[in-house]
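Inspection log for the structure reproduced underneath, given as structure tokens.
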There are 2 protein chains.
Amino acid sequence: MPDVKHFDPDAVLEQVEQLFWQRGTASTGVSEVVAVTGLSRSSLYATFGGKRELYVKALRRYVEQRSRPVFDRLAADDRGLPAIVDFFDRLIQARCTGEHARWGCMVSNAHAGSESGDPEVRRVLDLHQERLLTAMHAALSKARLRPGLDLDATADLLTLLAYGVNLRSRAGADPSHLRAAVAAALDPLRP
Amino acid sequence: MPDVKHFDPDAVLEQVEQLFWQRGTASTGVSEVVAVTGLSRSSLYATFGGKRELYVKALRRYVEQRSRPVFDRLAADDRGLPAIVDFFDRLIQARCTGEHARWGCMVSNAHAGSESGDPEVRRVLDLHQERLLTAMHAALSKARLRPGLDLDATADLLTLLAYGVNLRSRAGADPSHLRAAVAAALDPLRP
DNA sequence: CCTATCTTAGAATAATCGTTCCAAGATGGA
DNA sequence: TCCATCTTGGAACGATTATTCTAAGATAGG
């Protein structure tokens, strides 16, 4: 039997994900990927393909490993509006402090870059959007809300708000302002 | 007296602005700038400096020539909520149809890219944000609103919503969904 | 221990990057 | 018309880009 890989592909993919997340794909060279991962170019290309495929795989990993658990928690939370408040609190916390502060959201970043022209990337963006929308809708449907409220439109609104938070947090937005804006969106929903 | 320029610098800057707006700075080469403008590299560098300064100048032009008039109109509109409805209608129209459809907003795009790390770029982003916030606040302050509403927080919310619209429009978001989301944000403001 | 088969390190590739340079061309006051 | 002074076209620059290739190293069944 032949030789086996001398590294864990998913651990490497996580490093690559963080690199592309923080700095984008267009302004990150393969040399930097090599430097960060410690892999040789041969191993990199043999395992993941070219730079484009590497980026798509890293983006997919972000959606599955980072976004998915958060969306699932939101969808499964039965508390109603507090579930949504919690979602935004955690979002703002993650975007403004800690390890990934001021990195924004990798998917939101992909929207604005030239990578969004790639059909394969676009499909990942749409998947992300649809999942967030669905989770938000589920959480909303379990809340006691002001009568006559349009659930679909409100879910759309809160989803767009999340994208706005992601974007502005990258430019150093004040977390307390972000929290106040979220409160302004959620307060009028109450009966 | 020496020779004079054989071109109109602002007309060229507009072409460059559109190039960077649509494709971003990291994935647009100086060769493409040369190709689109018809200028020689000498003239380009003598007039605008290097690529970075060219991008910043193009971004500044966007903020002054594209955003500013729209924000001014919003701030000067005395109709109250209809002024804000109008702002978002025009925004969604511009982002989803016509000449610049699916380009997003150059400033929003800059948020997500690596260019947002540049302090000079950051200052332009902050200026844009502050102007939009101020205009939104002015328009809100002239509206008949539900009592007890937090004007500052609501202005923050609507500003973030605009960024969300900008982002999602680039990925082909359905304009009618965007309009419904905006309506969901504005409806509960009414008394 | 041998060897078929894979992985690895790193040199080499051609293309493109942003920038500079120089000679030729254009300008308008003297 | 002459000329000092700027602009212009385009070649040239070294650095960096993504990708490929080759030779050496590692592996595990026979």
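Model, not experiment: these values are computed from the prediction. Quick note: numbers below take in every heavy atom, side chains included, and nothing from hydrogens, waters or symmetry partners.
- The existence of a salt bridge linking B/Glu64 and B/Arg131 is confirmed by a sub-4.0 Å separation between a basic side-chain nitrogen and an acidic carboxylate oxygen.
- For the pair A/Asp3 CG and C/dC2 C1', the computed distance is 16 Å after rounding to whole Å.
- By the criterion of side-chain heavy atoms lying less than 4.5 angstrom apart, applied directly or through intervening Ile, Leu, Val, Met, Phe, Trp or Tyr residues, A/Val63 is not grouped with A/Leu91; the two fall into different hydrophobic clusters.
- A salt bridge does not link A/Arg122 with A/Asp126: every distance from a Lys NZ or Arg NE/NH1/NH2 to an Asp or Glu carboxylate oxygen is 4.0 Å or more.
- A perpendicular orientation is assigned to the rings of B/Tyr62 and B/Trp21, their planes being inclined by more than 60° (bins at 30° and 60°).
- Crowding of B/Arg123 atom CZ: a count of heavy atoms from other residues, nucleotides or ligands under 6.0 Å not exceeding 12.
- For A/Ser40, the listed nucleotide lying nearest its side chain is C/dG10; candidates were C/dC6, C/dT27, C/dG10.
- Straight-line distance from the CZ atom of B/Phe7 to the C1' atom of D/dG9: 13 Å, rounded to whole Å.
- When rounded to the nearest whole Å, the span between NZ of B/Lys5 and P of C/dG28 equals 14 Å.
- Comparing the end axes of the helix from C/dT19-D/dA12 to C/dA30-D/dT1, each fitted to five base pairs by superposing C1' atoms of four pairs onto the next four, gives an inter-axis angle of 10° (nearest 10 degrees).
- Under the 3.5 Å distance criterion, the side-chain polar atoms of A/Asp77 are left unmatched by any main-chain donor or acceptor of A/Arg73.
- As a whole-Å value, the separation of B/Leu39 CG from D/dT7 P is 12 Å.
- Residue A/Ser43 has a polar side-chain atom (N or O) positioned under 4.0 Å from OP1 or OP2 of C/dT8.
- Counting to the nearest Å, the C1' atom of C/dT27 and the NE2 atom of B/His6 are 7 Å from each other.
- The CG atom of A/Leu149 lies 4.0 Å from the OG1 atom of A/Thr154; values are rounded to the nearest 0.5 Å.
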How does protein contact run along nucleotides 13-24 of chain C, one letter per nucleotide 5' to 3', with B for base contact, S for sugar-phosphate only, - for none, heavy atoms under 4.0 Å? ----SSBBB---
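- Ring pair A/Phe87/A/Phe71 is tilted by interplanar angle, where 30° to 60° counts as tilted.
- Going from atom CG of A/Leu44 over to atom P of D/dT19 covers 10 Å, rounded to whole Å.
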